[in-house]
Amino acid sequence: MTELFHYRQDREAYSAARVKALQALLIKKGVITDKTVDTVLDFFETKMGPFNGAKIVARAWVDPAFKERLLADTPAAIAELDLPEGMAGAEGEHMRAVANASDVHNLIICTLCSCYPWPVLGLPPYWYKDPTFRSRAAREPRAVLKEFGLPIPDGIEIKVWDSSAQIRWFVIPERPAGSEGMSEAELEAFVTPEAMMGVAVAKAA
Amino acid sequence: MKLQHYLGGLEGLGPVSTETRVFVEEWEKRIFGIHTAMMALSPQLPLPATPSEFRTVWTWADLRKGAESLNPFEYFKFRYYEKWLGGISGYFIDNGYITAEELDALTDEYLSDPSKPLPTGGSPAIDERVVQYLVDGDSPKREATVSYEFEVGDTVNIKNVPSVAHTRLPGFLRNKSGTIETVYEGAYVYLCDTGSDGIGAPMPVYCVRFEPEELWPNNAEQNFSLYADLYAHYVEAPATSGTRA
C-alpha cells in the first residue's frame, strides 16, 4: 500500500520527536511520571504476554479435561493455572477460547478495530491491526490464510470470529505431530501468537 | 457512512501484511504507553485517586472515535500507531492540557537533538494506579436485570441503526439475517453511550452466526461461517409480514 501515498521524508524521525515531546510535556505537567511509559512496557514484557497463552495451550494439549473446562468457561479454567496476577485484567475481562480440530479451523479477527486478549497474548502484531487483513478475512479467509502460508483444504470448515463486543477470543491450536511424550515446557515453545489467532498452526520444531 | 465502519468485505486491497512485530519503530512504544496510562488514569474508574493532573475521560471508545472520524484515505495511509499519535496529541490539545505551539516547538527540539533527555519526576502513586488498572481491568459485565429476547438457534435480523460517530456494529452485517449461536450470561455495558446507535446501557450480548452467501451472495468463499458478538440493541426479530412457509 505504501507506494499509494506520499509521506514526509523524515516520517519516522518526526514521529519519534513528536511522541517524545508529548511524553515530556505530560511529565512536566504532572499527567504522567517519568517512569509511566516504562512501567506499562515492562508489564507487557513480564506479566501480560504470549508466554501466558503458550502455557494455557500446552496444558490443554496434555490434559483433555482442562481443555474441556477451558472451552466451557475460559476465565475459570485460566484461573486454575499458576499465571501472573491480572489474567482477567485489562482486555481479558471476558475471554472465550475455541479449539481447532481435524475438520474445523478457527480464525479471530476484529473488523472494527484491533480487539485482542491482552492477558494471554499481550499486544496485537501488525498483521492483526492491518485494515487489509481485517477487510479481507471476513469474506475470503482461505485466500488470506494462504498468504500466511497456511492453505486450508476446502473440506475443512473455517470459523471466523469477529470481536465486535467486549468478549476477547483466542484459538487452541491442534497439538503438532511429532510432539508425543514432550513435557508442557517443551510444548510451550510451539505455541505462537499467530497459532493462537488462527493464521498459523502449531508446529513441532 | 464511514468506511471505517464497513471494512469487512472490502475488495481490491492487495495482499495482507504478515508482519508479526507489535512495534515496528521504537517510538511506537511511547504512544502505546501514554494511551494505556490515560485509560488507567481516566476518572470514571473505581481506582484510588492519584496526584495526576489527568481529569478527563479517556477510554478505547475515544481512541476509536478518533480513528473512525479520519478521512478514510488517511486511515489507510497512516500506520496504526501514527493514527494513535495524531488522535492522542489532538486530545491533549483540545482538552487544554498542552498547546499545539508548545508541542510543535518541543518536537523541533527533539528533532534536532533526539538524545535530549526527558524531564524527571512524578508521584509513584500514578504508576501504581496504572499497574492496578492492567491487573483489575474494567469489566463491562453488569448484574442488571435484563430480558433475553432470543435463544440459541433463533433466526434474527440485524438492524440498520442510525450512522453516528462511533458504533460496535460492523457495517457489513447491517440488514443481514443470522442465527443465534450463543446467549452470553449477564448484561454488558459499553465504554460510552453511542447515542442513536443505541449501546451503552446494560443489555444482553449475542454471538450471531452468518452464512457467507447471506453476507456476499455469489461473492464469497465456501465452507466457512462468520460469527460476531453483537449487543442486543443491534439484533431484532425477523419481519413477520409476507408469506411464510
Side-chain angles (χ1 to χ4, degrees), chain A residues 1 5 12 15-25 27-37 39-41 43 85-86 88-90 93-94 111-113 123 125-127 129-136 138-142 144 147-148 154 157-162 164-167, chain B residues 7-10 13 15-22 24-25 27 29-31 33 36-37 52-54 64 76-77 80 82 85 89 97-98 103 106-107 110-111 118-122 126-127 130-131 133-137 139-140 168 170 188 205 216 220-221 223-229 231:
Chain A
M1 295 294 294
F5 300 111
E12 304 304 338
S15 289
R18 195 158 180 88
V19 75
K20 196 168 179 185
L22 178 64
Q23 184 182 359
L25 289 171
I27 294 168
K28 198 174 118 195
K29 290 171 192 275
V31 173
I32 61 175
T33 80
D34 57 357
K35 297 184 180 65
T36 302
V37 165
T39 300
V40 171
L41 297 174
F43 194 84
E85 229 192 346
E93 296 93 344
H94 304 287
T111 60
L112 286 173
C113 51
L123 302 174
Y126 253 99
W127 63 261
K129 303 177 287 207
D130 183 47
T132 299
F133 169 80
R134 292 158 47 210
S135 301
R136 292 184 54 204
R139 193 183 64 87
E140 44 175 354
R142 276 188 173 72
V144 165
E147 290 176 24
F148 278 91
D154 291 345
E157 181 190 7
I158 297 181
K159 295 184 175 183
V160 179
W161 304 89
D162 191 353
S164 26
Q166 299 294 83
I167 290 93
Chain B
L7 280 190
L10 194 62
L13 295 174
V16 295
S17 161
T18 55
E19 172 59 65
T20 57
R21 285 176 295 171
V22 171
V24 294
E25 293 284 337
W27 69 258
K29 295 179 177 176
R30 290 189 204 268
I31 196 64
T36 302
S52 169
E53 293 297 327
F54 196 60
R64 292 168 185 160
F76 275 90
K77 173 178 177 177
Y80 189 72
E82 287 176 315
L85 177 54
S89 305
Y97 291 97
I98 63 174
L103 181 61
L106 197 52
T107 299
Y110 280 115
L111 256 180
L118 288 165
T120 56
I126 293 174
D127 298 331
V130 170
V131 170
Y133 160 72
L134 289 168
V135 170
D136 291 357
S139 174
R168 293 310 292 173
Y188 287 79
V205 170
W216 300 287
E221 290 179 359
N223 200 19
F224 85 92
S225 300
L226 186 133
Y227 300 79
D229 291 327
Y231 282 92

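A note on names: the letters A, B, ... follow the listed sequences, proteins ahead of strands, and every chain is numbered from 1.
- Contact count versus chain A (heavy atoms, under 4.5 Å) is highest, among B/T36, B/T120, B/V205, for B/T120.
- Of the atoms belonging to A/A16, heavy atoms from both backbone and side chain fall under 4.5 Å from chain B.
- In this structure, the side chain of B/S52 engages the main chain of A/V31 through a donor-acceptor pair within 3.5 Å.
- For chain A, the nearby parts of B/R30 are the backbone and the side chain; heavy atoms of each come within less than 4.5 Å.
- Looking at A/L22, the atoms closer than 4.5 Å to chain B (heavy atoms on both sides) sit in the backbone and in the side chain alike.
- Most heavy-atom pairs under 4.5 Å with chain A, from the set B/G8, B/A228, B/S225: that is B/S225.
- The contact between B/V130 and chain A is made entirely by side chain atoms (from C-beta outward), counting heavy-atom distances below 4.5 Å.
- Ring pair A/W161/B/Y227 is parallel by interplanar angle, where below 30° counts as parallel and above 60° as perpendicular.
- Among A/A24, A/A165, A/S164, the residue making the largest number of heavy-atom pairs under 4.5 Å with chain B is A/S164.
- The choice from B/L111, B/I126, B/T18, B/L134 that makes the most heavy-atom pairs within less than 4.5 Å of chain A is B/L134.
- A distance of 12.0 Å separates NZ in A/K20 from OG1 in B/T107, rounded to the nearest 0.5 Å.
- Using a 4.5 Å cut-off between heavy atoms, A/F43 contacts chain B through its side chain alone, with no backbone atom that close.
- Within the 4.5 angstrom heavy-atom criterion, only side-chain atoms of A/L41, from C-beta onward, approach chain B.
- The candidate from B/Y110, B/F54, B/Y97 with the greatest count of non-hydrogen atom pairs under 4.5 Å with chain A is B/Y110.
- Using a distance-only test at 3.5 Å, with no hydrogens or angles considered, no donor-acceptor pair links the side chain of A/T132 to the main chain of B/V16.
- A/T36 contributes no side-chain N or O that, together with a main-chain N or O of B/D127, makes up a donor-acceptor pair within less than 3.5 Å.
- At a 4.5 Å heavy-atom cutoff, the contact between B/Y188 and chain A is made by side-chain atoms alone.
- The salt bridge (Lys or Arg N to Asp or Glu O under 4.0 Å) test applied to B/E82 returns A/R11, not counting sequence neighbours.
- Only the backbone of B/D136 comes within less than 4.5 Å of a heavy atom in chain A; its side chain stays farther off.
- The part of B/L85 that comes within reach of chain A is its side chain, from C-beta onward, which places non-hydrogen atoms under 4.5 angstrom from that chain.
- With chain B as the partner, the residue from A/L123, A/V144, A/I32, A/V37 showing the most heavy-atom pairs under 4.5 Å is A/L123.
- Proximity of a side-chain donor or acceptor of A/Q166 to a complementary backbone N or O of B/P140 within less than 3.5 Å is not detected.
- In this structure, A/K29 and B/E53 approach most closely via the heavy-atom pair O-CG, 3.1 Å.
- Each of A/K28, A/E93, A/K35 has some count of heavy-atom pairs under 4.5 Å with chain B, and the biggest count is that of A/E93.
- Taking A/R139 as the reference, B/N219 meet the side-chain hydrogen bond (donor to acceptor under 3.5 Å, both in side chains) condition, with sequence neighbours excluded.
- Taking chain A as the reference chain and counting heavy-atom pairs below 4.5 Å, the highest number among B/I98, B/V131, B/L10, B/L103 is found for B/L103.
- Smallest separation of non-hydrogen atoms from A/P125 and B/E19: CB-O, 4.1 Å.
- Ranked by heavy-atom pairs under 4.5 Å with chain B, the first of A/P141, A/G86, A/A88, A/P131 is A/P141.
- Looking at every heavy atom in both residues, A/F148 comes nearest to B/S17 through CZ-O, 3.7 Å.
- Within the 4.5 angstrom heavy-atom criterion, only side-chain atoms of A/T39, from C-beta onward, approach chain B.
- For the set A/V40, A/T111, A/I158, the entry with the most heavy-atom pairs within less than 4.5 Å of chain B is A/I158.
- Between B/G121 and A/I27, the closest heavy-atom pair is O-CG2, 4.2 Å.
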